[in-house]
Undergrad: 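Handing you a structure now.
Counting starts at 1 for both ligands and their atoms, following the listed order.
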Amino acid sequence: MSTAEVVLELADVVFRRQGKEILHGVSCTVRAGEHWALLGPNGAGKSTILGFCGALTHPTTGTVRVLGAQLGRVELQALRREIGHVDPRHPLRSPLTVRDVVLTGLTGSVDTPPRWRPTAAQTAKADDLIALLGLAGQTAERWPTLSQGERGRALIARALIGEPRLLLLDEPSTGLDVAAREQLLETVDLLTHSHPGLASVLVTHHLEELPETTTHALLVAGGSVVTAGPIDQALTTGSVSRAFGHPIRVTQHDGRWSARAARRGAEEVA
Ligand SMILES: Nc1ncnc2c1ncn2[C@@H]1O[C@H](COP(=O)(O)OP(=O)(O)OP(=O)(O)O)[C@@H](O)[C@H]1O
């Protein structure tokens, strides 16, 4: 059992909305340096769980502790500033440059606030992150001209500029072609070296979209945990088939995962 600092802890979390129980007692502990995949079929409860991780919602019962603070006892706004949140549906409409988009991670806003000016050190830091994410040379390019993949990497730089201890990635490969997806995954893998203490939670429906550096998986279905723990133990043909309600064969090759429907005549699903 790791002794690294606990970054995120969900204990028996139940969530009800409009008379409906959406989560039925979810528990999970994420420690510094761990990279979790949050996986499950449509409607499983992934976004709801990510909402707790990002200090966006309170549980109905049970406890959520994010970065040592219990939700319900702390000011959520202050806590959110310590969490890097990458949402591929970032609602930016104005033609900010890559550098300006990254700097909005410091103000926690979508656009640059009027009269806000970055310091020279903040600008230098934005440029360092832009280079780290493979966008050097595109610092002055404007948001509407960027590809989806470039936007995804710019949003990771934006999430990192506040030096978060927890990074949340909400389906970061959405809308990417295979090359852009692979570049994005390589970039995420790089973070284990550039930001060694950082913990992350990445939401996806697809095992193929898991970075090689993923250490743990939380598999959910119907608002309950199917399995949670080190990825090699958590992601199995049996657990993934149970979660998705379909016989699926899970394989791992060179650190990458894949899932295929188990065809008739194939080996029995464990
Ligand atoms: N505010 C709400 N009021 C009522 N029901 C809700 C609310 N938010 C979510 N739900 C329901 O809770 C369930 C889980 O939703 P959630 O969005 O967390 O699933 P998900 O795993 O992220 O799904 P997807 O993969 O489709 O994005 C769904 O059945 C959804 O309809």
Undergrad: For ligand 1, list every N/O pair with the protein closer than 3.5 Å, one pair per line with the distance.
TA:
unit_1   : atom_1 : unit_2 : atom_2 : d
ligand 1 : 18 (O) : Ser47  : N      : 3.4
ligand 1 : 18 (O) : Thr48  : N      : 2.9
ligand 1 : 18 (O) : Thr48  : OG1    : 2.5
ligand 1 : 19 (O) : Gly45  : N      : 3.2
ligand 1 : 21 (O) : Ala44  : N      : 3.1
ligand 1 : 21 (O) : Gly45  : N      : 2.9
ligand 1 : 21 (O) : Lys46  : N      : 2.9
ligand 1 : 21 (O) : Lys46  : NZ     : 2.9
ligand 1 : 22 (O) : Ser47  : N      : 2.8
ligand 1 : 22 (O) : Ser47  : OG     : 2.7
ligand 1 : 23 (O) : Gly43  : N      : 2.8
ligand 1 : 25 (O) : Asn42  : ND2    : 3.4
ligand 1 : 25 (O) : Lys46  : NZ     : 2.7
ligand 1 : 25 (O) : His205 : NE2    : 2.6
ligand 1 : 26 (O) : Asn42  : ND2    : 3.0
ligand 1 : 26 (O) : Gly43  : N      : 3.4
ligand 1 : 29 (O) : Lys20  : NZ     : 3.2

Undergrad: Does one side chain, of His24 or Ser224, offer a donor that lies under 3.5 Å from an acceptor on the other?
TA: no
Undergrad: Would you say the side-chain atoms of His85 and Asp170 include a donor-acceptor pair closer than 3.5 Å?
TA: no
Undergrad: Should the heavy atoms of other residues, nucleotides or ligands under 6.0 Å from CD of Gln70 be counted, would the total exceed 12?
TA: yes
Undergrad: Quick one: list whatever passes side-chain contact (heavy atoms from CB on, under 4.5 Å) with Gln138, sequence neighbours left out.
TA: Leu135, Glu141, Glu150
Undergrad: Tell me if the CZ atom of Arg73 is crowded by more than 12 foreign heavy atoms within 6.0 Å.
TA: no
Undergrad: Quick one: CG on Leu106 to CZ on Arg81, what's the gap to the nearest 0.5 Å?
TA: 11.5 Å
